[in-house]
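Just below is one structure, and these are the notes that go with it.
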Amino acid sequence: MADLFGDSSSDDEDYVRGDEERRGRGGLFDDSSSSSDEEDGILTLNSVQRMKRDKYVTHFEAHGGNQDITDEDWVEIGNVFSNKEYLTTLSLHSGALNDRKTALLFRGLTGSSSLEDMGLHRNELSAVGVRSMVPFLQHTNSLRCLNLSNNGIQSEGFNALFRSLRNSPIEKLNCTGCGITSIEIRCIPKHLKVLYLDENNINADGCRGLAKLLRGGDATLETLHLQKNKIDDEGVEILVDVLQNNTSLTQLFLEKNHVMSKRGQIMLLKLVNNISSIEATLRSNQTLTELEVSEPWEDEVEEYIIQRLINVATDINRLYKHKPERAGRGKVIKTQLHNESRAELAELQGVHQSIYSQIDPLLLPEVLSIIGRRHGQGGILIPWNLMAHKLDVEDMYVALKSSVAGVISIVNRKACIQEKRDFYVAMVQQVNAKVAQLNAELVAIEAAEGGAVYVGSECRNSKRRRQA
């Protein structure tokens, strides 16, 4: 082992290269004398030795594994990775590791102050291998991304892994295709933002576990991938319930959960735009900017329609990101006050009452007058470019919002009146500013003409009249 992993000053000099070359493949596979295995990226003792001698190596990637690597070698390899101060990316994938090798590797790799991205995908790891990684995961202070996809860690391994992430800096975790069914959330990782759980066996029970991750003010998750699982309508209902009040998750992917029916898809549509009342629309989730329930090339016409209507709502959320009140207002204008859009949504969601049934009868003439001033007698057709019709649209929205009885519980009436007043004050200020601008232009023109006065088509100069 001393010869294999020993240092020498001459070796260091031989491996001083340009910064661009170092940051390519880390200086591991660029030696013309390397073996064919090394050229193919297969893990060998030689490649590790050469990486160790390159002081500035930043990336190490290898797959498979040389059977000549002993248990003692694996521990020393872990030590090498642990001590490389510039190593940011480590990828040992596609058969490079099994449970035994992983346990030995992490006996040496106990910590790192530089590693940011670790890929251990497509190996032969189970829950046993995951548990051997826990001490490293609990002590690393730099790791941001961990890829364990396509390993057989199953629910036991995932739950053990998740418990170790409570104070971890990891922001992105990939456990795609790991045989996960149930999920046990005892604590919420403080920094986790992106979670890949595609191609597992997650069902309603798994959704109950995920709900704990999405509940409460401590939720940090922003992106959740759940494609190709076994999430049915019951699972969807669990997710929809918790996402009603979640303000962290912006992306949710649920494509190819074939046990989900049309009912489940409509529940997701109502999550982002509930058309049953103006109050319900304002209470809809205004945080999700991407919600995928079907592929864009799906043959089913109804699935395509539902996805399209979901996209309309999430596009509004994206347009008014971090501004939930404005997003809610946008949905009211775009869908509640648009005959065709509302009819399409109402049919899918089983809504039969008219929007006007929610309006105080005393204010109905005013609302209809506002609509008629801009849109005539042909119905409410609000264009997407709201700024072009800001006065009428805003006025109409304020009248509707302040007149719906159920909205008073969530919108302060005083605030409504103040909002309407402020809107008109702003309009008056704009008009006054325009008048002042026009007056200034008139004064400038008169000064330039030297006091010329126009009467009909004749121009008389007052100065000349005085001289005569």
Side-chain angles (χ1 to χ4, degrees), residues 58-61 63 81 87-94 96-97 102 106 109 111-123 125 129-130 133-151 153-155 157-180 183-200 202 206-207 209-215 218-229 239 243 246-255 287-292 321:
T58 59
H59 296 67
F60 185 91
E61 178 179 358
H63 62 82
F81 291 146
L87 185 66
T88 60
T89 302
L90 173 62
S91 182
L92 300 174
H93 60 92
S94 304
L97 296 171
T102 301
F106 282 94
L109 181 54
S112 172
S113 60
S114 63
L115 268 178
E116 298 176 1
D117 194 336
M118 178 177 286
L120 305 178
H121 47 290
R122 298 188 181 278
N123 284 306
L125 303 185
V130 170
M133 298 168 52
V134 168
F136 167 79
L137 294 173
Q138 290 177 332
H139 293 97
T140 182
N141 58 10
S142 58
L143 194 64
R144 298 290 183 268
C145 304
L146 177 61
N147 186 352
L148 285 170
S149 61
N150 296 291
N151 281 287
I153 66 173
Q154 300 186 333
S155 298
F158 176 79
N159 293 332
L161 171 67
F162 221 75
R163 286 193 293 272
S164 71
L165 300 182
R166 180 170 187 171
N167 297 308
S168 169
I170 288 179
E171 298 176 356
K172 183 185 293 185
L173 176 63
N174 191 339
C175 289
T176 296
C178 288
I180 301 167
I183 295 176
E184 182 182 292
I185 305 294
R186 295 184 180 178
C187 60
I188 298 178
K190 294 181 179 179
H191 301 97
L192 188 64
K193 295 180 179 180
V194 181
L195 179 58
Y196 290 86
L197 291 172
D198 301 322
E199 301 178 25
N200 284 292
I202 297 170
C207 289
L210 288 172
K212 296 179 182 178
L213 189 62
L214 298 168
R215 183 176 290 116
D218 295 331
T220 61
L221 202 64
E222 298 176 0
T223 302
L224 178 58
H225 289 257
L226 291 169
Q227 298 163 296
K228 294 185 179 180
N229 276 281
L239 293 177
L243 289 174
N246 177 278
T247 57
S248 68
L249 196 73
T250 60
Q251 295 178 305
L252 176 60
F253 301 91
L254 289 164
E255 303 101 303
T287 304
L288 281 166
T289 59
E290 194 165 0
L291 174 57
E292 302 294 334
K321 193 172 183 179

Do [X] and [Y] come close enough that some side-chain heavy atom pair is under 4.5 Å?
X	Y	value
F253	T223	yes
P189	T220	no
L221	L210	no
H93	E61	yes
D117	T88	no
N151	V130	no
P169	R144	yes

| note | Residues at least two apart in sequence or cross-chain that pass side-chain hydrogen bond (donor to acceptor under 3.5 Å, both in side chains) with K172, listed by chain then number, are none
Would you please name every residue forming a side chain to side chain contact (heavy atoms under 4.5 Å, CB included) with [X], sequence neighbours left out?
X	answer
S114	L87, S112
K228	E199, K256
K212	I185, R215

| message | Test of understanding: with salt bridge (Lys or Arg N to Asp or Glu O under 4.0 Å), list the residues that count as partners of R166, not counting sequence neighbours. | response | none
| Those residues that, when tested against E290, pass salt bridge (Lys or Arg N to Asp or Glu O under 4.0 Å) (two or more places apart) | none
Calculate, to the nearest 0.5 Å, the distance between atoms [atom1] and [atom2] belonging to [X] and [Y] respectively.
X	Y	atom1	atom2	answer
L146	F136	CG	CZ	8.5 Å
C145	E171	SG	CD	7.0 Å
T250	L291	OG1	CG	11.5 Å
N150	L125	CG	CG	11.0 Å
N167	L137	CG	CG	12.5 Å
L90	H59	CG	NE2	11.0 Å

| request: Name the orientation class of the two ring planes belonging to H225 and Y196 (parallel below 30°, tilted from 30 to 60°, perpendicular beyond 60°). | output: parallel
Minimum heavy-atom distance [X]-[Y], with the two atoms named:
X	Y	value
C187	R163	SG-O, 4.3 Å
V194	L192	O-CD1, 3.7 Å
L120	L148	CB-CD2, 3.8 Å
S113	S142	C-OG, 3.5 Å
L161	C175	CD2-SG, 4.0 Å

Can you check whether [Y]'s main-chain N or O pairs, donor with acceptor, with [X]'s side chain at less than 3.5 Å?
X	Y	value
N123	L97	yes
H63	A96	no
N159	I183	no
N229	N200	yes
D198	Q227	yes

| task | Check step by step if side-chain contact (heavy atoms from CB on, under 4.5 Å) holds for F158 and L197. | result | CA-CA 10 Å; F158 176 79; L197 291 172; 3.8 Å; yes
| message | So, applying side chain to side chain contact (heavy atoms under 4.5 Å, CB included) with N147, which one of M118, R122, H121 is it? | response | H121
| note | With L213 as partner, the option from L249, L195, N246 fulfilling side chain to side chain contact (heavy atoms under 4.5 Å, CB included) is L195
| field | Criterion side-chain contact (heavy atoms from CB on, under 4.5 Å) on F60 and L92, from CA distance to verdict | value | CA-CA 8 Å; F60 185 91; L92 300 174; 3.8 Å; yes
| query | Would the number of heavy atoms belonging to other residues, nucleotides or ligands and lying under 6.0 Å from CG of N141 be above 12? | reply | yes
